[in-house]
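Beneath this line is the structure, given in structure tokens, with notes to follow.
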Amino acid sequence: MENKPLVSVYITTRNRHILLDRAIQSVLTQTWGNLELIVCDDASSDDTSRLLQKYSDELPNFYWIRNDTMAGACVSRNNAINKATGEFITGLDDDDYFLPQRIELLMEAYKDEYAFVCSTYYRKTHERTTIVKDGVGVIGLNDVLHYNKIGNQVLTKTQRLKDVGGFDVLLPSFQDYDVWVRLLKKFGKSLKIKKPLYVFDISHTNERISGSNDRVQRGYEIFVKKHQAIMNKKHIQSMRLLEQVIKNRPMKLSDAIRFCNTGNYKSVISNLLKSNE
């Protein structure tokens, strides 16, 4: 493997074996050769076990775990992370997929001074596919406390992810965002590269991991309470804007003026334009 470090990839899944197969294939076709793939099946009742056993029989460095009863995304992710043996680690949701150079380009961009590296990505809906590219470049804790400029996947050192305690099982949503904040708080700045390297797919009919608006709202409330001690006045403004978005409230000009600051103005403009379409 030309002395390339081993990179662990974790996927959690439940009852989406067709989408899962696509996600697995996107890992197997990565241009970075030294990989291990760990899938945690959260008590699926469809053909997931059969699919995973097939891959396990055929492939080296492919491992899977099954929860006997449904435990949720965070428990499943932590189970997979605890099994990882790679020096580096990255995740993938079962309904999304990597582009072939994702891991190679992230590894090329990584430096030990970064808590993690990440990339822009494609957002795929029924209507269209767009590039989500906010926050390209160096991103620090102050930037991320305004809103999640990272996305839902990063690449970091496995030990660092373990050092911050992995994913918080008490959060019904905002799980990724919460981990990025804790990684930045402990290890410093991150880097986001411009090239989109995975597809965030919401074009299917299956529910995302975060689930219903009630779950998202509860996750938001827990997240703010958990991190408000390191938030300043502008961060709190940004959180109030985020709450408005979560509750699907139309953005008025008066709201834009009230919430806008140097850390969130792009988000304010975007939401104002959407409300006036």
Side-chain angles (χ1 to χ4, degrees), residues 1-44 46-68 71-110 116-119 121-122 151-162 166-167 175-176 179 196-201 204 206 208-209:
M1 298 296 178
E2 300 177 358
N3 297 317
K4 290 182 175 180
L6 179 65
V7 178
S8 300
V9 181
Y10 62 87
I11 301 175
T12 61
T13 191
R14 177 172 166 79
N15 288 338
R16 297 200 283 205
H17 69 279
I18 294 175
L19 289 171
L20 173 64
D21 195 19
R22 180 183 68 177
I24 291 172
Q25 285 296 321
S26 79
V27 176
L28 299 180
T29 55
Q30 289 294 295
T31 56
W32 185 269
N34 198 12
L35 298 173
E36 70 173 8
L37 176 54
I38 305 164
V39 181
C40 186
D41 173 17
D42 195 19
S44 294
D46 63 357
D47 283 338
T48 295
S49 291
R50 187 179 306 171
L51 174 71
L52 294 177
Q53 189 59 53
K54 173 179 174 292
Y55 277 117
S56 182
D57 291 341
E58 294 175 354
L59 298 172
N61 289 343
F62 182 95
Y63 310 98
W64 67 288
I65 311 163
R66 176 178 166 82
N67 300 333
D68 292 332
C74 289
V75 170
S76 299
R77 288 168 179 157
N78 290 340
N79 287 343
I81 291 164
N82 288 334
K83 189 175 178 62
T85 62
E87 180 182 358
F88 293 86
I89 194 166
T90 188
L92 176 61
D93 291 342
D94 61 358
D95 50 351
D96 299 333
Y97 52 97
F98 287 165
L99 298 180
Q101 288 186 291
R102 175 171 173 79
I103 293 174
E104 181 177 4
L105 295 181
L106 289 181
M107 287 295 292
E108 287 179 358
Y110 181 84
F116 55 81
V117 291
C118 57
S119 75
Y121 57 93
Y122 292 102
N152 69 336
Q153 304 296 346
V154 305
L155 182 143
T156 187
K157 285 194 168 179
T158 304
Q159 190 57 51
R160 290 186 172 183
L161 190 51
K162 292 179 179 179
F167 288 85
Q175 301 109 331
D176 305 317
V179 175
L197 295 175
Y198 75 97
V199 179
F200 177 84
D201 186 0
H204 55 82
N206 296 275
R208 294 290 298 188
I209 289 173

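We're numbering straight along the sequence, starting at 1. Hydrogens, waters and symmetry mates are skipped; everything else that's a heavy atom, side chains included, is used.
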Exercise. Considering only heavy atoms from C-beta outward, does the side chain of Asp93 approach that of Asn152 to under 4.5 Å?
Worked result: yes

For this session: Name all residues meeting the side chain to side chain donor-acceptor pair (under 3.5 Å) criterion together with Tyr10; count only those two or more places apart in sequence or in a different chain, and write none if there are none.
Result: none

For this session: Please identify each residue that fulfils side chain to side chain donor-acceptor pair (under 3.5 Å) with Ser76, with sequence neighbours left out.
Result: Asn67

Seminar exercise, completed: With sequence neighbours left out, the residues meeting side-chain contact (heavy atoms from CB on, under 4.5 Å) with Ser8 are Glu36, Ala84, Ile89

Exercise. What residues form a side-chain contact (heavy atoms from CB on, under 4.5 Å) with Asp21, not counting sequence neighbours?
Worked result: Gln25, Leu51, Tyr55

Looking only at atom types and distance, does a side-chain atom of [X] sit under 3.5 Å from a main-chain N or O of [Y], one as donor and one as acceptor?
{"X": "Gln153", "Y": "Phe98", "value": "no"}
{"X": "Arg22", "Y": "Asp95", "value": "yes"}
{"X": "Asp42", "Y": "Thr13", "value": "no"}
{"X": "Asp46", "Y": "Arg16", "value": "yes"}

Over all heavy atoms of both residues, which pair between [X] and [Y] is shortest? Give the atoms and the distance, please.
{"X": "Arg14", "Y": "Asp94", "value": "N-OD2, 3.6 Å"}
{"X": "Val154", "Y": "Cys118", "value": "CG1-CB, 4.1 Å"}
{"X": "Val7", "Y": "Trp32", "value": "CG2-NE1, 3.5 Å"}
{"X": "Tyr198", "Y": "Tyr121", "value": "O-CB, 3.3 Å"}
{"X": "Ile65", "Y": "Lys83", "value": "CD1-CD, 3.8 Å"}
{"X": "Thr29", "Y": "Ser26", "value": "OG1-O, 3.5 Å"}

Please report the interatomic distance [atom1]([X]) to [atom2]([Y]), rounded to the nearest 0.5 Å.
{"X": "Phe116", "Y": "Arg160", "atom1": "CZ", "atom2": "CZ", "value": "11.0 Å"}
{"X": "Leu28", "Y": "Leu37", "atom1": "CG", "atom2": "CG", "value": "6.5 Å"}
{"X": "Gln53", "Y": "Asp47", "atom1": "CD", "atom2": "CG", "value": "13.5 Å"}
{"X": "Asn61", "Y": "Asn34", "atom1": "CG", "atom2": "CG", "value": "7.0 Å"}

Exercise. How would you list, by chain and number, every residue that makes a ring-ring contact (aromatic ring centres under 6.0 Å, His included) with Phe167, sequence neighbours excluded?
Worked result: none

Counting only pairs under 3.5 Å, give me each side-chain donor-acceptor contact of residues 101-108, with atom names and distances, residues two or more places apart or in other chains.
unit_1: Arg102; atom_1: NH1; unit_2: Ser119; atom_2: OG; d: 3.1
unit_1: Glu104; atom_1: OE1; unit_2: Thr31; atom_2: OG1; d: 2.4

Exercise. What do you reckon, is CD1 of Ile18 surrounded by more than 12 foreign heavy atoms closer than 6.0 Å?
Worked result: no

Problem set entry | Residue pair Val27, Leu92: steps toward the side chain to side chain contact (heavy atoms under 4.5 Å, CB included) verdict | CA-CA 9 Å; Val27 176; Leu92 176 61; 3.9 Å; yes

Exercise. Can you check side chain to side chain contact (heavy atoms under 4.5 Å, CB included) on Arg50 and His17, steps first, answer last?
Worked result: CA-CA 9 Å; Arg50 187 179 306 171; His17 69 279; over 6 Å; no

Exercise. Yes or no on side chain to side chain contact (heavy atoms under 4.5 Å, CB included) for Leu52 and Ile24, after CA distance, side-chain angles and deciding distance?
Worked result: CA-CA 10 Å; Leu52 294 177; Ile24 291 172; 3.9 Å; yes

For this session: Would you please classify the geometry between the Tyr110 ring and the Phe88 ring as parallel, tilted or perpendicular, with 30° and 60° separating the classes?
Result: perpendicular

Problem set entry | Worked check of side chain to side chain contact (heavy atoms under 4.5 Å, CB included) between Lys162 and Thr158 | CA-CA 6 Å; Lys162 292 179 179 179; Thr158 304; 3.8 Å; yes

